[in-house]
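Just so we're clear, the structure is a prediction, and the values are computed from it rather than from any experiment. Residues: numbered from 1 along the sequence shown.
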Amino acid sequence: MPVTGDSLFNPRNFDRADLFKKLFKESQSKLFWARMRSSYQRPAYTDESLARAIREGIDPSGRKLSPLMPRYQISDQDMAGLTDYLKSLSSHNDPGVDENSIYFATVVSKNANTGDKNAMLSTIAKYVEWLNLETKGNQDHPNFSPSYRSDFAKAFRIWNHEVWELSDNPAEWPKELAAYYQKNPVFALIGGMAEGSWAPIHEFCEKYKVPCLFPLTQTPPVAQPGHYSVYFNQGILLEAKAMAKYLLKEKKPDPAAPIAVFYSDDVEGSDPAKAFTQTLNADKTFAVESIPVNDVENFRAEWAKYVESHPQIGTIVVWPGKLKGAILSELAVQSQKIERIFLPSELLQADLTSLPKEIMPKFYFSYPYELPTAYHPHTFRIRAWMNTRKLEISNPRIQFNTYYALNLLQYSLEHVVDHFSRDYLLEYVEHEAENALNPGTFPRLSLGPEQRFASKGAYLVQLAGSEEQSVKPVSPWIVP
């Protein structure tokens, strides 16, 4: 039930829309069904009866609440403060909602990859168009169903979606986001894509209490506290930790053969290099040598210097960051004396067919996704949905992840009904994340209270065949 001032401090009425999940999607006891079908529910809470419920587990009608609900020994002063807070909670809808529409936006930066942006935004546009057609049909026929769907009529809103495009300068993003929000407040952000650190957008969402659902970023601010942004995973930092955990499980290395970490001196290079080194340093027998580079020429010079000074070279780790477009061709030339090279998953998106076949077995990639051989029934439903709407599937991973964010938002809003509280929405996002919606991009997606990363692990893989660029695992699913 919604924990809002309106629902607590008024008599409870039987509302199947509010109770949909409990009535139709969860197994309930006979006592629950008897209470729900009773014409007598419960009177409104008062300050005194609310205190009794929290301290003793007894509701205003004198019935005992479920023993699963904790009882709290709370002082009179704290109880008074809590009561005042609950009375004000969701006393009105959050910004971004009116009688007919609910407003959303997607944040993109100008310098983000154009093809990736188009794949994401075209998926959102098709989904919003499809959902709005269904909503308009329901609104035009208020008595369209004799069963429970009619009870949701009060919840129907037209989705109004716009794109918030940011400049190439992240220092300006807070000001640009605030201007967009002041002009047209939105209820939530859907997806998103920006080159570089996601931290400025994360901070905006925390400041304005705007949910941001599953942006497509490799650099979520893992170390920063956050309640309103929900991510698929920890991005490049997760890959770094999983890679280090894989090496830690191997036999102890020869101290004479240190692990060299080459990294670009930007966020997408230095942050994973730091996370990798910190995780690896949990085992003091490892020797790690970190080498920053700022361009391709610098990488070439540092690589040559390292190879010359180390006659025995076992493991090299490369976090290319801004150099990702040129790093593979450099590695193809420079890797003859190296036993193995560890790389992030994003380099699997490059064309590897031109690389010499003899060096392919040396490449190991972190891979925070589901293996290509896995089976997820929902994948076929999504593909069919896109095909019937003539949506070109140009980037399945981006488009399927975007569809998941949209589908989860739709499911959650159906349960929120007309209690348009952003915090209430996030509760349902947490609850519904693993509800048969997995698009097949990740082995599993799940959230709990205040969990903000839905996928927690990664594989280490090698190429199974350069022609198809399919991969084969060399490790189990690693959760750092």
(message) Main chain of Lys209, side chain of Arg422: is a donor-acceptor contact present, judged purely on distance under 3.5 Å?
(response) yes
(message) Using a 3.5 Å distance criterion without hydrogens, assess whether the side chain of Asn387 forms a donor-acceptor pair with backbone atoms of Arg383.
(response) yes
(request) State whether a side-chain donor-acceptor pair under 3.5 Å links Asp423 with His227. (result) yes
(message) Less than 4.0 angstrom from a charged side-chain N to a carboxylate O is my criterion; do Glu268 and Lys322 meet it?
(response) no
(message) Could you check whether any side-chain heavy atom of Pro439 comes within less than 4.5 Å of a side-chain heavy atom of Thr379, counting everything from C-beta outward?
(response) no
(request) Could you tell me whether the side chain of Ser475 and the main chain of Leu460 form a donor-acceptor pair under 3.5 Å? (result) yes
(message) Please evaluate residues Val97 and Arg157 with respect to the criterion side-chain contact (heavy atoms from CB on, under 4.5 Å), reporting the C-alpha separation (whole Å), side-chain torsions for both, the decisive distance (0.1 Å), and the verdict.
(response) CA-CA 8 Å; Val97 184; Arg157 297 290 191 282; 3.9 Å; yes
(request) Output, in order, the C-alpha distance, side-chain angles, deciding distance and verdict of side-chain contact (heavy atoms from CB on, under 4.5 Å) for Leu216 and Ile398. (result) CA-CA 8 Å; Leu216 302 174; Ile398 286 177; 3.6 Å; yes
(message) Check Glu430 with Arg452, please: is the shortest side-chain N to carboxylate O separation under 4.0 Å?
(response) yes
(request) With side-chain hydrogen bond (donor to acceptor under 3.5 Å, both in side chains) as the test, would you mind laying out the steps for Glu370 and Thr441 before giving the verdict? (result) CA-CA 5 Å; Glu370 179 62 281; Thr441 306; over 6 Å; no
(request) May I ask you to check whether Phe380 and Tyr375 place their ring centres under 6.0 Å from each other? (result) yes
(request) State yes or no: are the ring centers of Phe9 and Tyr45 separated by less than 6.0 Å? (result) no
(request) Apply side-chain hydrogen bond (donor to acceptor under 3.5 Å, both in side chains) to the pair Thr83 and Asp47, showing each step before the final yes or no. (result) CA-CA 7 Å; Thr83 302; Asp47 293 9; 5.3 Å; no
(request) Heavy atoms only: give me the nearest Ile478-Ala242 pair and the separation to one decimal. (result) CD1-O, 3.8 Å
(message) Show the nearest heavy-atom pair for residues Gln182 and Pro185, with the distance to one decimal.
(response) O-CD, 4.3 Å
(message) Is it the case that the ring center of Tyr428 lies less than 6.0 angstrom away from the ring center of Tyr424?
(response) yes
(message) Within the structure provided, determine whether Gln399 and Leu391 are in side-chain contact (heavy-atom separation under 4.5 Å).
(response) yes
(message) Under a 3.5 Å distance rule, please check whether Ser88 uses its side chain to pair with a backbone N or O of Tyr85 as donor and acceptor.
(response) yes
(request) May I ask you to check whether His161 and Phe104 place their ring centers less than 6.0 Å from one another? (result) no
(request) Hey, could you give me the CZ/CD distance between Arg52 and Glu48, rounded to the nearest 0.5 Å? (result) 11.5 Å
(message) To the closest 0.5 Å, what do you measure between CZ (Arg55) and CG (Leu50)?
(response) 9.5 Å
(request) Can you see which heavy atom on Ser109 is nearest to which on Asn111, and at what distance? (result) OG-OD1, 2.7 Å
(message) Using the ring centroid of each side chain, check whether Phe204 and Trp173 are separated by less than 6.0 Å.
(response) no
(request) Please test Glu427 against His431 for side-chain contact (heavy atoms from CB on, under 4.5 Å), starting from the C-alpha separation and ending with a verdict. (result) CA-CA 6 Å; Glu427 283 188 30; His431 190 279; over 6 Å; no
(message) With side-chain hydrogen bond (donor to acceptor under 3.5 Å, both in side chains) as the criterion, how do Tyr403 and His378 come out once you've worked through the C-alpha distance, each side chain's angles and the decisive distance to 0.1 Å?
(response) CA-CA 11 Å; Tyr403 181 95; His378 200 55; 4.9 Å; no
(request) Any chance you could measure Glu392, atom CD, to Lys126, atom NZ, to the nearest 0.5 Å? (result) 11.5 Å
(request) State plainly whether the residues Arg397 and Asp116 are in salt-bridge range, i.e. N to O under 4.0 Å. (result) no
(message) Under a 3.5 Å cutoff, is there a donor and acceptor pairing between the side chains of Ser167 and Asn169?
(response) no
(message) So which atom in Glu134 and which in Gln410 form the shortest heavy-atom distance, rounded to 0.1 Å?
(response) OE2-NE2, 4.5 Å
(request) Please list, chain by chain and in numerical order, all residues satisfying side-chain contact (heavy atoms from CB on, under 4.5 Å) with Ala240, sequence neighbours excluded. (result) Pro272, Ala275, Phe276, Trp319
(message) For Arg381, is the CZ atom crowded, meaning more than 12 foreign heavy atoms sit under 6.0 Å from it?
(response) no
(request) Enter the distance from Lys117:NZ to Glu165:CD here, rounded to the nearest 0.5 Å. (result) 5.0 Å
(message) Angle between ring planes, Trp164 versus Tyr181, binned at 30° and 60°: parallel, tilted or perpendicular?
(response) perpendicular
(request) Indicate yes or no: at least one non-hydrogen side-chain atom of Val230 is less than 4.5 angstrom from one of Leu426. (result) yes
(message) Less than 4.5 Å apart, side chain to side chain, heavy atoms only: is that true for Thr219 and Asp271?
(response) no
(message) Tyr459 and side-chain contact (heavy atoms from CB on, under 4.5 Å): which single residue from Tyr246, Trp477, Phe365 fits?
(response) Trp477
(message) Please evaluate residues Leu189 and Cys205 with respect to the criterion side-chain contact (heavy atoms from CB on, under 4.5 Å), reporting the C-alpha separation (whole Å), side-chain torsions for both, the decisive distance (0.1 Å), and the verdict.
(response) CA-CA 9 Å; Leu189 300 178; Cys205 292; 3.7 Å; yes
(request) Determine the minimum heavy-atom distance between Met69 and Ile54, stating which atoms define it. (result) CE-CA, 4.2 Å
(request) Would you give the length of the straight line joining atom CG of Leu437 to atom CG of Leu406, rounded to the nearest 0.5 angstrom? (result) 11.5 Å
(message) Less than 4.5 Å apart, side chain to side chain, heavy atoms only: is that true for Leu371 and Pro473?
(response) yes
(request) Under the side-chain hydrogen bond (donor to acceptor under 3.5 Å, both in side chains) rule, what do Gln234 and Lys456 come out as? Steps first, then yes or no, please. (result) CA-CA 8 Å; Gln234 293 185 2; Lys456 280 80 172 175; over 6 Å; no
(message) Nearest 0.5 Å, please: how far is CG in Leu408 from CG in Asn438?
(response) 11.5 Å
(message) Any heavy-atom pair between the side chains of Leu347 and Lys324 that's under 4.5 Å?
(response) yes
(message) For Phe232 together with Phe214, are the ring centres under 6.0 Å from each other?
(response) yes
(message) So that I know where these two stand, are Tyr367 and Tyr369 an aromatic pair - ring centroids less than 6.0 Å apart?
(response) yes
(message) Going by side chain to side chain donor-acceptor pair (under 3.5 Å), Tyr127 matches just one of Asn407, Thr402, Asn132. Which one?
(response) Asn407
(request) Determine, using ring centers only, whether Trp159 and Tyr103 are less than 6.0 Å apart. (result) no
(message) Taking the side chain as everything from C-beta on, heavy atoms only, tell me whether Met386 gets closer than 4.5 Å to Phe400.
(response) yes
(message) Are Phe453 and Val222 packed together at the side-chain level, in the sense that at least one heavy-atom pair is separated by less than 4.5 angstrom?
(response) yes
(request) Could you tell me whether the side chain of Thr106 and the main chain of Ile190 form a donor-acceptor pair under 3.5 Å? (result) yes
(message) In terms of relative ring orientation, are Phe420 and Phe187 parallel, tilted or perpendicular, with 30° and 60° separating the classes?
(response) perpendicular
(request) Work out which heavy atom in Pro215 is nearest to a heavy atom in Trp198; give both atom names and the distance. (result) CB-CZ2, 3.3 Å
(request) Decide, yes or no, whether a salt bridge links Arg444 with Glu434 under the criterion of side-chain N to carboxylate O below 4.0 Å. (result) yes
